[in-house]
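Everything on this sheet refers to the single structure shown next.
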Amino acid sequence: MFPTYDVIVVGAGHAGCEAAVAAANLGSKVLLCTMNMNTIAQMSCNPAMGGVAKGQIVREIDALGGYSGIVTDHTMLQFRMLNRSKGPAMWSPRAQSDRMLFAHKWRMMLESHPNIDFWQDMVSGLLVKDNRVQGVKTSMGLEIQGKAVVLTNGTFLNGIIHIGEKQLGGGRAGEKAAKGITEQLVELGFEAGRMKTGTPPRVDGRSLDYERMEVQDGDENPTGFSYTDTPKLKKQLPCHITYTSPVVHEILKTGFDQSPMFNGRIQGLGPRYCPSIEDKINRFADRDRHQLFIEPEGWETCEIYVNGFSSSLPEAVQFKALRKIEGFENAKMFRPGYAIEYDYFPPTQLKMSLETHLIAKLFFAGQINGTTGYEEAACQGMMAGFNAALAVKESAPFILGRSEAYIGVLIDDLVNKGTDEPYRMFTSRAEYRILLRQDNADLRLTPLAQKLGVMDMENRMKRVEEKVEATDAIRDFFMKTSIDPALVNGYFASIGSAEIKNKVKLNTLLVRPHVDIWELKNIIPKLNEFLSQYDEETIQLAETNIKYESYIEKEQEMADKLHRLESLGLKEDFDYNNISSLSLEARQKLTKHKPRTIGQASRISGVSPSDISILLIHSGR
C-alpha cells in the first residue's frame, strides 16, 4: 500500500508543515501523517505570526525556502513593524492573520508540492531496529516504512485539557490526544517530562463595545515577511486594547480554589513569558490592571481572540470576569479558555541537527522539545526536515551558528542548556543581534540554502545579488558625495544637531543621532534623484549599514573569534571520563551532551572555562 518513504513527518502543525517542505525541497519523498487533514497548520492559539525576535525567525525561514512567511503575507489582516522607536536590531515584523485562510493556504501549498504525500491516522509508535528508526506504526495497525522520521507532536502526546476542576483528554479543544509514542520512547531510554500552555476565551465581536477601547491600527505602509513577490496588504483590520481592573481580579480570585494551576492538578510548568491571567494576578499582586489585546480572527468571522486573558478557571468565573472588562459589558463567549498539559522530551537528548542521540535518523521538532510559539516550532521543523533528508543521503548535517541566525541561537540554547519551562525566543537571547536583523535574513541565509541544494533558489539568489549591489552603490554614493552646509543646516537646527561649517561627505551626516535618510532625501536634490531608482526596503537596509557600520564590524569580529572555537571539532565517541583533570560535573555533562565542537562544549551549563582549556590541550591546541 505504501512505498518506503525517505522522510515520514508525524504531525501537521507549524513544525510538521515546515519539516515536510524542507525535506521535500531537498528532493526527499515525504509522507506527512496527521490525525486530521482538516486541521493542517491550525493556529491553535493566537491568530498572529511574528513579533519580537519571532518576526526575525519567520524571515529566516523564508530566506531558507520555507513557507511560513509566504502563507502569512497571503493571509494577514494587519501588519506592524514593532520597536520602531528602538535601533534596527530590535525591529520585529508582526502580522495578524486570518486563522481559516492561513490553514487553507498552507494546505494548498503542501498539496501542490510533488514530493509530499499525506496520510490521516494517529501514529501510535515507531518501527525501531538496532537503534535506528525504520518507520511508524499507526492506530489502524499499519506499518509504514521510512528511512528517517521527524516527530512534531505539539501538545498531543498524552494531552490533558483543564477547565476548572474538569479534565478532558485531548491535544486541542475538540481533538483527541496521541497515545503510545511517549511510552515507547521512555522504554527506549528517553527522558520525558510534562509542560503546560494555555489559551484564552474566544468571544463574539458583535457583542463588544469598541468605542470604549483604544484602537491599534496597522502600519501606514505595510510590508510583509517574504522576500518573494507576495501580495501587499491593501486594507487592514484594526486590533483594540483594553485592560483588566481590580474588580475583574477579585472575580477571578473567587475561582482560584478550583484552579488546576493552584491546587496541584497541573504538574507541568507553564510559559514564563505568556502566563495565564490568574498567574499574572498571583505573581504581580501590586498591579491593579493588565493589558489585553483584542484581536480579530478573520475577515469573515466575528470571533475575537482575547490576548492576555489565558485561563484555566471554571468557565462561569471566566465569563463573569470578562463582563467586567471595559467594552465587554455585554460580551458573549463562544468558548472558554483552557490549559493543556502534555509530554515533552528535554532537548539535551538531541544533536545540533535535532537528531536524537539514542535512535539514529529520528528527529524531534517543536513543542516536543519544550518550546512554545508557532515561529519557534516552524524553524525547528524546517531544520529537522533538512537534516532528516541529509541523513538519508548520508550527508553532513546543516547547522546554523549563533552568529548566523536566531534559528541557530534557539537550537543551540535547547540542545546545550535544555529547558524546564516552555522556551520562547527574545532578541535578548542573541549576543549578535546587530548582525541578526530582520532586514538582512535573505543576505545571511539564502546563499546557504542555495549551496545546500534547496529547490527553486535561483530567483531568490538573483534578488540577493541585486540587493547587495544596490546597498553597495548607495554606500559608495554616501562616501563620495559632499554636501554644502546651506542645504542641511536648517534641518540640523530643527532637530537640535550641530550645524556644519564646511562641505562634508554624506556618510558623516547620516551617522549623527536622529538624522534620518528620508529627511536628507527630502532636502538634498541630488540624493533624492539618486535614491529614486531604489525601493524603500533597500534604502532602509543601506541606511542601517552606513549608520551602524562600526558596530556591525565589531560584532562580526567577535563572531569570527567564536567561529574559530566552533571549528575545533570533538569526536562524538570522545571518552571524557579518561580526563581526570576535568571537573566531575564537566565529565558528566560532556558525556551526556556529546558536543560536536569546543564552542558547543563551552556553552553547556556546568562546563567551566578551565574545563575548556583542558579540552583544548587534549585536542592538541
Distance, nearest 0.5 Å, that separates [atom1] of [X] from [atom2] of [Y]:
| X | Y | atom1 | atom2 | result |
| --- | --- | --- | --- | --- |
| Thr244 | Ile277 | OG1 | CD1 | 5.0 Å |
| Leu445 | Leu436 | CG | CG | 9.0 Å |
| Leu410 | Leu400 | CG | CG | 11.0 Å |
| Ser428 | Arg433 | OG | CZ | 6.5 Å |
| Cys45 | Asn307 | SG | CG | 7.5 Å |
| Leu64 | Glu18 | CG | CD | 10.0 Å |

Just so I know, are the side chains of [X] and [Y] near enough to count as touching, which here means a heavy-atom distance under 4.5 Å?
| X | Y | value |
| --- | --- | --- |
| Phe293 | Ile241 | yes |
| Gln540 | Asp439 | no |
| Cys239 | Pro296 | yes |
| Pro231 | His74 | yes |
| Tyr67 | Met382 | no |
| Thr197 | Tyr342 | yes |
| Lys166 | Tyr338 | no |
| Met49 | Phe102 | yes |

Inset, instruction - Take Ile181 and Leu157 through the side chain to side chain contact (heavy atoms under 4.5 Å, CB included) test and state the conclusion after the steps. - result: CA-CA 7 Å; Ile181 291 177; Leu157 292 179; 3.9 Å; yes
Can you check whether [Y]'s main-chain N or O pairs, donor with acceptor, with [X]'s side chain at less than 3.5 Å?
| X | Y | value |
| --- | --- | --- |
| Arg212 | Phe328 | no |
| Thr138 | Asp121 | no |
| Gln42 | Gly13 | no |
| Arg429 | Tyr406 | no |
| Thr427 | Ala53 | no |
| Thr152 | Val10 | yes |
| Gln258 | Gly255 | no |
| Thr230 | Ile70 | no |
| Gln56 | Trp91 | yes |
| Glu250 | Val247 | no |

Inset, instruction - From the options Gln318, Glu278, Glu341, Lys196, select the one residue that forms a side chain to side chain donor-acceptor pair (under 3.5 Å) with Ser312. - result: Glu278
Distance alone, cut at 3.5 Å: any donor-acceptor contact between the side chains of [X] and [Y]?
| X | Y | answer |
| --- | --- | --- |
| Ser68 | His14 | no |
| Asp288 | His249 | no |
| Arg172 | Ser44 | yes |
| Asp73 | Ser226 | no |

Legend entry - side chain to side chain contact (heavy atoms under 4.5 Å, CB included) evaluation trace for Leu362 with Leu185: CA-CA 11 Å; Leu362 174 64; Leu185 289 174; 4.1 Å; yes
If I compare all heavy atoms of [X] with all of [Y], which pair ends up nearest, and what's the gap?
| X | Y | result |
| --- | --- | --- |
| Asp420 | Tyr344 | CA-OH, 3.9 Å |
| Asn158 | Arg194 | O-NH1, 3.0 Å |
| Cys379 | Ile407 | CB-CG1, 3.6 Å |
| Cys302 | Asp204 | SG-OD1, 3.4 Å |
| Ala405 | Glu60 | CA-OE2, 3.4 Å |
| Gly327 | Glu329 | N-OE1, 3.0 Å |

Which residue pairs pass the salt bridge (Lys or Arg N to Asp or Glu O under 4.0 Å) test when at least one of the two sits in [range], sequence neighbours left out?
| range | value |
| --- | --- |
| residues 38-52 | none |
| residues 219-237 | Asp229-Arg463 |
| residues 30-52 | none |
| residues 83-97 | Arg94-Glu295 |

Inset, instruction - Compute both the distance and the angle, then confirm whether Arg59 meets the cation-pi test with Tyr227: under 6.0 Å from the six-membered ring centre, within 45 degrees of the axis. - result: yes
Legend entry - Under-4.0 Å salt bridge between Asp98 and Lys105: no
Legend entry - Atom NE2 of His104: over 12 foreign heavy atoms under 6.0 Å: no
Inset, instruction - Could you tell me whether Lys320 atom NZ has more than 12 heavy atoms of other residues or ligands within 6.0 Å of it? - result: no
Inset, instruction - Sort and list the pairs that fulfil side-chain hydrogen bond (donor to acceptor under 3.5 Å, both in side chains) and have at least one residue in residues 368-388, not counting sequence neighbours. - result: Lys54-Glu375, Lys54-Glu376, Asn369-Gln380, Thr371-Gln380
Legend entry - Test log, rule side chain to side chain contact (heavy atoms under 4.5 Å, CB included), inputs Met100 and Glu297: CA-CA 8 Å; Met100 290 179 285; Glu297 297 257 356; over 6 Å; no
Identify every side-chain donor-acceptor pair in residues 75-82 under 3.5 Å, counting partners at least two apart or on other chains, and give the distances.
| unit_1 | atom_1 | unit_2 | atom_2 | d |
| --- | --- | --- | --- | --- |
| Thr75 | OG1 | Val71 | O | 2.8 |
| Gln78 | NE2 | Gln216 | O | 3.0 |
| Gln78 | NE2 | Leu237 | O | 2.9 |

Inset, instruction - Please step through side chain to side chain contact (heavy atoms under 4.5 Å, CB included) for the pair Phe225 and Asp62, ending with a clear verdict. - result: CA-CA 8 Å; Phe225 287 96; Asp62 184 77; 5.8 Å; no
